[in-house]
Amino acid sequence: MGKFDILDEVFERSLKSTHIFRNREVLRHDYIPERLPHREEQIRHLGGVASPVLRGSRCSNIFIYGKTGTGKTAVVKYVLNRLAYKSCELGAPVKVCYVNCRLVRTEYRILSSLCDALNIKIPFTGLAVGEVFERFKSGLDTQKLLFISVLDEIDELIKMRGDSLLYELTRMNEALQYSKISIAGISNDLRFKEFLGPRVLSSLSEEEMVFRSYNASELKDILLERAMIAFNDEVLSDGAVSLCAALAAAEHGDARRALDLLRVAGELTEREGTKNIEEKHVREAEKRIEYDRITEVLWNLPLHSKLTLFSVYILGKAKLNSAITGDIYEIYCEICEQLEIKPLTQRRVSGLINELDVIGLLNTRVVSLGRYGRTKKIRLGITRSFIRKVFIADDRLGHLISHTPQCLVRISRGKN
DNA sequence: TGTCCACTGGAACGTACGGCTT
DNA sequence: AAGCCGTACGTTCCAGTGGACA
């Protein structure tokens with residue numbers, strides 16, 4: 001019975017403490033609001049580009065780019081939702097499919113998502129990509145539709161797999177008799193066009209739209225708009241909103257970031273039991289978001305990446321300002337031995353180091369030490385206390401954190 | 001001036017897995 | 001059951017390299 005009393009208390013407190021939020025959902029990034037401030041022009045433009053489908057003709061392919069959190073996805077979803085609704089009203093044969101290429105990473109699965117939108121069943125794996133493509137094509141043609149496929153974060157697809165799928169999609173209309181397909185590509189990366197072949201580029205950019213970043217005052221408008229729905233009256237201080245906007249604007253005008261700051265600040269205020277979201281909560285939120293982000297990444301790292309990162313940490317104990325690949329590999333091997341794990345090859349570990357560099361956990365730089373070879377200088381990209389805090393909670397690595405490997409002594413002696 | 005270190009990073013290939021088609 | 005297929009993760013091999021040092 002005692003257990004339930006404790007929980008009752010927690011639940012009660014949680015129920016009572018709803019005085020901050022009215023509707024938390026509104027602050028999530030995937031929420032599409034009724035109004036999108038400072039994007040009226042883009043909405044009008046995209047609406048104009050897409051509208052021919054309502055009259056039964058194919059709309060132009062469109063290429064949309066702008067940095068993260070500039071409202072690209074929101075505008076596209078907003079416009080196409082309305083378009084789908086309108087086409088239902090008019091009985092126009094229009095279908096829209098949204099695919100995020102960062103989440104759906106392979107050509108196979110992208111095609112299978114497109115098929116899904118047409119109710120064509122495709123097995124999870126097992127078919128040749130060409131086969132899936134054929135099924136999509138013939139399925140689309142029999143359904144006699146104007147199909148708009150939105151490929152969000154398309155730069156991820158191109159960088160990983162090249163532009164062949166995009167090429168096939170853009171020239172698919174030639175083979176379609178009763179249906180037509182249009183493509184809307186959304187990219188976060190402004191330089192992404194360089195990766196496209198000329199044929200794909202010209203075909204995809206029949207229309208183009210650029211979403212520039214929001215400035216602080218625009219971000220503030222966006223936040224206020226959402227805050228009206230998200231929070232109860234009189235909860236949010238003007239200073240807190242301005243600070244969220246300013247911090248996000250300083251980064252690169254990312255509305256997502258601004259909304260995150262506001263939401264977390266609200267949650268912190270709620271947990272603290274106070275009534276107003278102040279600037280200090282926003283500052284606290286900024287720290288919290290960063291902390292959570294890194295902790296999550298560290299926690300989910302594959303074993304050998306963890307061991308590699310851990311080796312860099314251990315090497316840092318010797319107070320060398322930066323380590324080189326060979327030293328790290330030596331320590332890595334010793335740690336593997338202690339944990340009775342078979343070590344990977346140095347080539348592979350070198351690759352893992354590069355991956356850790358990309359996600360910002362390590363900083364690396366290729367240097368030539370002349371007579372002493374060419375290698376990488378490697379430093380931690382995050383604070384030591386961070387690694388310590390996370391790894392000490394790891395049941396396999398925790399007890400090694402204060403242990404000094406034998407080879408470390410030799411390495412540091414060699415350097416001094 | 002040439003040598004040679006300690007790697008880097010590309011490429012091809014191997015293995016395991018899940019899951020379809022035939 | 002055998003044959004494919006895509007994906008993830010590794011290994012093996014090796015040409016290439018910037019610059020300190022003899």
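So that the names make sense, note that chain A is the first sequence line, chain B the second, and so on, each numbered from 1.
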Value in whole Å for how far the P atom of dG19(C) lies from CZ of R365(A): 11 Å

Side-chain donor-acceptor pair present, E153(A), N100(A), cut-off under 3.5 Å: yes

OP1 or OP2 of dA6(B) under 4.0 Å from side-chain N/O of K376(A): no

V366(A) side chain, from C-beta outward: closest of dC21(C), dT8(B), dG18(C): dT8(B)

Nucleic acid contacts - residues 339-353 of chain A versus DNA chain C, non-hydrogen atoms under 4.0 Å: L344(A), T345(A), R347(A), R348(A)

Side chains of residues 253-263 of chain A: which donor-acceptor pairs under 3.5 Å do they make with residues two or more places apart or in other chains?
from    : atom 1 : to      : atom 2 : distance (Å)
D254(A) : OD1    : R256(A) : N      : 2.9
D254(A) : OD1    : R257(A) : N      : 3.3
R257(A) : NE     : E251(A) : OE1    : 3.1
R257(A) : NE     : E251(A) : OE2    : 3.3
D260(A) : OD1    : H29(A)  : NE2    : 3.0
D260(A) : OD1    : R263(A) : NH2    : 3.2
D260(A) : OD2    : H29(A)  : NE2    : 3.2

Whole-Å gap separating C1' (dT11(C)) and OH (Y329(A)): 11 Å

Donor-acceptor pair between K377(A) and T364(A) side chains, under 3.5 angstrom: no

dG9(B) phosphate, OP1 or OP2, under 4.0 Å from N354(A) side-chain N/O: yes

Aromatic centroids of Y313(A) and F386(A) separated by under 6.0 Å: no

Nucleotide dA6(B), atom C1' - distance to CD1 of I378(A) in whole Å: 12 Å

Rounded interatomic separation in angstrom, taking CZ from R374(A) and P from dG10(B): 11 Å

Distance in angstrom units between K377(A) NZ and dG19(C) P, rounded: 13 Å

Salt bridge E41(A)-R44(A), side-chain N to carboxylate O under 4.0 Å: no

Distance-only side-chain donor-acceptor flag, Y332(A) / Q346(A), under 3.5 Å: no

Between C1' of dT8(B) and CD1 of I328(A), the distance in whole Å: 14 Å

Spacing between L369(A) atom CG and dT17(C) atom C1', to the nearest angstrom: 13 Å

Point-to-point distance, once rounded to the nearest 0.5 Å, from CZ of F391(A) to CG of L309(A): 4.5 Å

Separation of dT21(B) C1' from Y108(A) OH (nearest whole Å): 11 Å

